[in-house]
Undergrad: 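Have a look at this one.
None of these values were measured; they are calculated from a predicted model. Just follow the structure's listing: the first ligand is 1, and inside any ligand the first atom is 1.
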Amino acid sequence: MDGKRCAWIRNRGLIRAMSPPRLLACHECDLLQRETLLPIGGTARCRRCGGFLYRNAPGAFDRALVYALAAAVVFVIANAFPVVGLDAQGNRTSTTLFGTVRVLHDQGMTSVAALVFVTTILMPALEIVALLYMLLPLKLGRVPRTLPAMFRIVQTAHTWGMVEVFMLGTLVSVAKLGHIAHVDPGISLWAFAALMVLLAATAAAFDPHELWRRVEALQ
Ligand SMILES: [Zn+2]
């Protein structure tokens with residue numbers, strides 16, 4: 001970002017600081033409250049229900065962006081390599097997560113295949129893409145088009161993404177299959193474990209209040 005742009009954003013911040021405080025609605029009970037300046041690390045909560053409103057966490061925006069970028073890389077690795085390899089009586093078999101979805105579909109379990117595809121591939125992919133679509137341009141000083149739609153996609157995809165459930169199910173299966181076959185955890189399984197942690201870290205660092213504050217400063 002050039003110096004002129006930085007000065008413009010600083011001036012916008014000064015104008016905002018001099019203007020009357022904004023009103024915020026609590027997401028839990030809809031109570032309207034005035035926004036106040038918080039100390040570093042401070043959290044604002046609703047006066048009526050105690051629900052979370054916003055926080056002052058310096059660097060949270062950059063952390064969310066870094067975690068989302070790392071999640072994108074790990075997501076590609078997780079889907080490009082086999083999840084586990086099975087070795088039973090000399091027969092070795094291994095497949096990727098998408099291969100598992102295809103096998104489930106071929107065996108007539110289309111609804112299960114659709115559920116696995118949506119919750120472990122489609123929704124995490126949508127969440128990562130929408131996050132990067134919002135955060136990367138804002139970091140570079142531009143407001144992306146269709147930002148509100150992307151914001152809603154992130155919220156929905158985070159609710160329906162269930163990588164942790166998939167991990168739990170896979171670990172139980174690996175433990176049970178260990179009695180009848182030799183099981184080799186694939187690189188994809190470790191990548192899914194990392195993806196689970198990175199998505200949780202991104203969600204923890206992602207601050208919608210900070211996001212909209214940046215958008216206001218750039219407009
Ligand atoms: Zn409230």
Side-chain angles (χ1 to χ4, degrees), residues 9-72 115 118-120 122-168 195-219:
I9 290 172
R10 267 201 304 276
N11 289 339
R12 292 278 305 188
L14 189 64
I15 291 165
R16 245 171 42 82
M18 290 164 64
S19 58
R22 288 191 313 170
L23 286 174
L24 294 173
C26 171
H27 290 290
E28 307 296 331
C29 70
D30 286 339
L31 178 68
L32 281 177
Q33 291 150 93
R34 290 190 199 287
E35 181 184 347
T36 55
L37 285 174
L38 293 175
I40 290 174
T43 300
R45 294 196 171 274
C46 175
R47 270 192 309 167
R48 182 158 65 191
C49 71
F52 174 80
L53 292 176
Y54 59 95
R55 66 188 165 189
N56 181 6
F61 182 90
D62 291 338
R63 280 201 300 279
L65 177 57
V66 170
Y67 292 147
L69 281 169
L115 192 67
V118 169
T119 56
T120 58
L122 182 64
M123 288 302 165
L126 273 179
E127 184 179 355
I128 294 167
V129 169
L131 270 168
L132 291 178
Y133 183 87
M134 289 194 301
L135 300 182
L136 263 179
L138 283 174
K139 179 67 185 168
L140 299 173
R142 282 194 304 109
V143 179
R145 287 181 190 175
T146 64
L147 182 81
M150 287 296 138
F151 186 81
R152 280 192 285 274
I153 286 175
V154 169
Q155 305 290 315
T156 307
H158 185 70
T159 308
W160 283 97
M162 296 181 191
V163 175
E164 59 280 4
V165 178
F166 166 75
M167 274 301 296
L168 188 63
L195 180 64
M196 182 179 71
V197 174
L198 284 167
L199 285 177
T202 309
F206 179 64
D207 181 3
H209 187 259
E210 168 68 12
L211 178 98
W212 296 117
R213 215 163 46 188
R214 280 184 178 247
V215 171
E216 273 184 15
L218 289 166
Q219 280 175 340

Undergrad: Using the side-chain hydrogen bond (donor to acceptor under 3.5 Å, both in side chains) criterion, which residues pair with R214? Sequence neighbours excluded.
TA: E210
Undergrad: Crowded around L37 CG? As in, over 12 foreign heavy atoms under 6.0 Å?
TA: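 12 or below, so no.
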Undergrad: Evaluate the criterion side-chain contact (heavy atoms from CB on, under 4.5 Å) for residue pair L131 and Y67; output intermediate values, then yes/no.
TA: CA-CA 10 Å; L131 270 168; Y67 292 147; over 6 Å; no
Undergrad: Please name all residues satisfying side-chain hydrogen bond (donor to acceptor under 3.5 Å, both in side chains) with Q33, sequence neighbours left out, ordered by chain then number.
TA: none
Undergrad: Would you say CH2 of W212 has more than 12 non-hydrogen atoms from neighbouring residues, nucleotides or ligands within 6.0 angstrom?
TA: yes
Undergrad: Check for me: within less than 2.8 Å of the Zn ion (ligand 1), which protein N/O/S atoms show up?
TA: C26 SG, C29 SG, C46 SG, C49 SG
Undergrad: Holding to side-chain hydrogen bond (donor to acceptor under 3.5 Å, both in side chains), I want the full list of residues that pass it with N56, two or more places apart in sequence or in another chain.
TA: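 With sequence neighbours excluded, N56 shows a side-chain hydrogen bond (donor to acceptor under 3.5 Å, both in side chains) to no residue whatsoever.
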